[in-house]
Chemist: 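Below you'll find the structure I mean.
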Amino acid sequence: MLFDVITFGSAFYDTYLLSDEFLLQKQKDGVMLCQRYGKKITIDTYVVTTGGGATNAAVCFERLALQAGIIACVGRDHWGAIVRAKLEEEGVSLVHIQGSAQKMTSSSVALVGSDGGRTILVHRGASNLLSKKQVDWDRLHAKWFYVSSLGGDIAFLEQVIEEASKKQILVACNPGNGELKKKSSFKKLLPKMEVLLLNLQEAQTLLGQTEIKPESVFDLGVGLVVITDGRRGSKVYTSDREIISQKAFKAKAKEETGAGDAFGSAFVAGRIHGLSVKTALQLAALNAASVVRQIGPKEGLLFWPDAQRKLAKLQK
């Protein structure tokens, strides 16, 4: 089967807890979420959903009218069944998903503050067992590969790049900290990527710069480098050495998890649909703004007809 895009990365079972009793305290190095040890906290909102970079992106692509497959690993447990069911409900193909009895499905608990920010408790579980050896590479056919965090498995990423090169598949990459820590090995793969998606902190880590120098970004050799900076918007650095900027759309944030996945996958979806870089950036910003208005990384993801209407309004 030829997919429009296949996503690679993690799959999670997530719980979101919201409470007016969560205490936020500003410190020099950021905001602390603090609670008195031994105290009972009343939870006002309790939401259970699915997450992980690979599942969030796959669902985004499906909602934006693209056929998506996924390569991720879940446990052979109740939570893994829930993750599979949600993906199937959204139309994502499960042909290439991996299962393991060795570890439980990856999970997280997010403690969400009144400002939409959150502290996340993470158990990586089965996502860490994602194996390149279990991928049926000969049956992997797509126009694009979308690679989110692989837990620092550079060998896996190298295999993805190699397969993409052989089959003329375009690659978009939204790396995790594990990949960025292996800076030298990761940088060698960049010229073979069409799109690199980073937030500002990740770009600073990759480049070793506090103040991002455009020439350093251009010299990475990627077709398009997208750098997001939260409410301050985003920029795309093109292979033609142009910089295209996009302001973030105002949104009252309920919860911010998944905004980066929503932005990155929507940008790539726009490019797959043939949108210009500028219009794809607008689509990405609209999608991210929609997601933060809801709780969880998938609830607010736009569907293609609605996205088209919103884009059309911006063009007037």
Side-chain angles (χ1 to χ4, degrees), residues 4-5 7-8 53 57 60-61 64 66 142-149 157 160-161 164-165 167-176 179-180 183-184 186-249 259-289 302 307-308 310-312 314-315:
D4 291 306
V5 57
T7 68
F8 295 76
C60 175
F61 288 125
L64 293 177
L66 298 168
K143 299 174 185 175
W144 282 75
F145 285 160
Y146 183 95
V147 188
S148 56
S149 175
L157 181 57
V160 172
I161 297 293
S165 297
K167 299 175 181 177
Q168 296 184 313
I169 297 170
L170 297 175
V171 177
C173 184
N174 180 16
E179 288 79 48
L180 295 175
K183 189 185 302 186
S184 178
F186 182 68
K187 277 188 171 182
K188 291 177 182 178
L189 300 174
L190 294 180
K192 297 182 180 180
M193 296 180 188
E194 178 65 19
V195 178
L196 176 64
L197 301 150
L198 304 166
N199 62 35
L200 179 60
Q201 292 73 29
E202 290 166 341
Q204 290 169 333
T205 297
L206 182 63
L207 297 170
Q209 299 172 352
T210 302
E211 200 71 33
I212 300 299
K213 299 176 182 178
E215 290 304 314
S216 298
V217 182
F218 294 137
D219 289 344
L220 292 174
V222 186
L224 299 170
V225 179
V226 184
I227 300 178
T228 61
D229 189 15
R231 294 181 175 88
R232 285 173 284 278
S234 58
K235 293 180 180 179
V236 175
Y237 298 75
T238 77
S239 57
D240 294 327
R241 306 184 95 77
E242 292 183 87
I243 301 175
I244 301 171
S245 301
Q246 173 62 45
K247 293 181 179 179
F249 293 107
D261 291 337
F263 189 100
S265 50
F267 177 80
V268 173
R271 296 298 291 160
I272 296 174
H273 277 299
L275 301 183
S276 68
V277 172
K278 179 62 178 177
T279 306
L281 261 184
Q282 292 174 333
L283 173 61
L286 287 168
N287 203 40
L302 295 173
Q308 287 178 302
K310 290 177 180 293
L311 286 174
L314 294 177
Q315 312 311 319

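The structure displayed is predicted, hence computed values, not measured ones. FYI, side chains are in, hydrogens and waters are out, and symmetry mates aren't considered; it's all heavy atoms of this structure.
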Chemist: Would you say CD of Q168 has more than 12 non-hydrogen atoms from neighbouring residues, nucleotides or ligands within 6.0 angstrom?
Modeler: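 Count not over threshold, so no.
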Chemist: Closest heavy-atom contact between Q246 and A285?
Modeler: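 The pair with the smallest heavy-atom distance is CG-CB, 4.1 Å.
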Chemist: Apply side chain to side chain contact (heavy atoms under 4.5 Å, CB included) to K235 and D229, showing your working.
Modeler: CA-CA 9 Å; K235 293 180 180 179; D229 189 15; over 6 Å; no
Chemist: For the pair L206 and L196, evaluate side chain to side chain contact (heavy atoms under 4.5 Å, CB included) and give the outcome as yes or no after the intermediate values.
Modeler: CA-CA 11 Å; L206 182 63; L196 176 64; 4.0 Å; yes
Chemist: Determine whether T7 and S148 make a side-chain contact, defined as any pair of heavy atoms from C-beta on separated by less than 4.5 Å.
Modeler: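 Result no, sub-4.5 Å side-chain heavy-atom pair not found.
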Chemist: Between atom CZ of F267 and atom OG1 of T228, what is the distance when rounded to the nearest 0.5 Å?
Modeler: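 OG1 of T228 is found 11.5 Å from CZ of F267.
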Chemist: Tell me, yes or no, whether the heavy-atom count around K278 atom NZ, taken from other residues, nucleotides or ligands under 6.0 Å, exceeds 12.
Modeler: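 Count over threshold, so yes.
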Chemist: Measure from the side-chain N and O atoms of Q204 to the backbone N and O of T210, and report whether any donor-acceptor pair falls under 3.5 Å.
Modeler: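 Answer holds: yes.
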Chemist: Hey, could you give me the CG/NZ distance between L190 and K192, rounded to the nearest 0.5 Å?
Modeler: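 With rounding to 0.5 Å, CG (L190) is 11.5 Å from NZ (K192).
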Chemist: Return yes if some donor-acceptor pair links the side-chain N/O of D240 with the main-chain N/O of E242 below 3.5 Å, else return no.
Modeler: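 No, because the side chain of D240 does not come within donor-acceptor range (under 3.5 Å) of the backbone of E242.
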Chemist: Do you know the tightest heavy-atom contact between S149 and E179?
Modeler: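 Distance-wise, the nearest heavy atoms are CA-OE1, 3.6 Å.
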Chemist: First locate atom CG of L220, then atom CZ of F186, and finally report the distance between them rounded to the nearest 0.5 Å.
Modeler: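 Those atoms lie 9.0 Å apart.
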Chemist: Around atom NZ of K187, are there more than 12 heavy atoms from other residues, nucleotides or ligands closer than 6.0 Å?
Modeler: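 Yes, because the 6.0 Å sphere around NZ of K187 holds more than 12 heavy atoms from other groups.
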Chemist: Can you tell if the side chain of S265 reaches within under 4.5 Å of the side chain of L197, non-hydrogen atoms only?
Modeler: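 Result no, sub-4.5 Å side-chain heavy-atom pair not found.
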Chemist: Rounded at 0.5 Å granularity, tell me how far CD in E194 sits from CH2 in W144.
Modeler: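 The distance works out to 5.0 Å.
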Chemist: Near R241 CZ, under 6.0 Å, is it more than 12 heavy atoms from other residues, nucleotides or ligands?
Modeler: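 Yes, CZ of R241 has more than 12 neighbouring heavy atoms, counting only those of other groups under 6.0 Å.
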Chemist: On a heavy-atom basis, which atom in F263 and which in V226 lie closest, and how many Å separate them?
Modeler: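 That closest heavy-atom pairing would be CE2-CG1, 3.7 Å.
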Chemist: What are the two closest non-hydrogen atoms of D261 and Y146, and how far apart are they?
Modeler: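 Nearest pair, atom of D261 first, then Y146: O-OH, 4.2 Å.
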Chemist: Got a donor-acceptor contact below 3.5 angstrom from the K167 side chain to the A142 backbone?
Modeler: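 No, K167 side chain to A142 backbone: no donor-acceptor pair under 3.5 Å.
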Chemist: For K143, what residues pass the side-chain hydrogen bond (donor to acceptor under 3.5 Å, both in side chains) criterion, not counting sequence neighbours?
Modeler: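 Counting only residues at least two positions away or on another chain, K143 forms a side-chain hydrogen bond (donor to acceptor under 3.5 Å, both in side chains) with D4.
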Chemist: Would you name the heavy atoms of L283 and A266 that are closest together and state the gap between them?
Modeler: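 L283 and A266 have their closest heavy atoms at CD2-O, 3.5 Å.
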Chemist: Please assess I272 against L64 for the test side chain to side chain contact (heavy atoms under 4.5 Å, CB included), listing each intermediate value before the final yes or no.
Modeler: CA-CA 10 Å; I272 296 174; L64 293 177; over 6 Å; no
Chemist: Work out which heavy atom in N287 is nearest to a heavy atom in C60; give both atom names and the distance.
Modeler: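 For N287 and C60, the tightest heavy-atom pair comes out as ND2-SG, 3.5 Å.
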Chemist: Would you give the length of the straight line joining atom CD of E215 to atom CG of L207, rounded to the nearest 0.5 angstrom?
Modeler: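 The distance works out to 12.0 Å.
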Chemist: Kindly indicate, with the supporting measurements, whether the criterion side chain to side chain contact (heavy atoms under 4.5 Å, CB included) is fulfilled by L180 and Q201.
Modeler: CA-CA 11 Å; L180 295 175; Q201 292 73 29; over 6 Å; no
Chemist: With rounding to the nearest 0.5 angstrom, report the CD to OG1 distance, Q315 to T279.
Modeler: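 Atom-to-atom, Q315:CD and T279:OG1 are 5.0 Å apart.
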Chemist: Does any non-hydrogen side-chain atom of R271 lie less than 4.5 Å from one of L224?
Modeler: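 Counting from C-beta outward, L224 and R271 do come under 4.5 Å.
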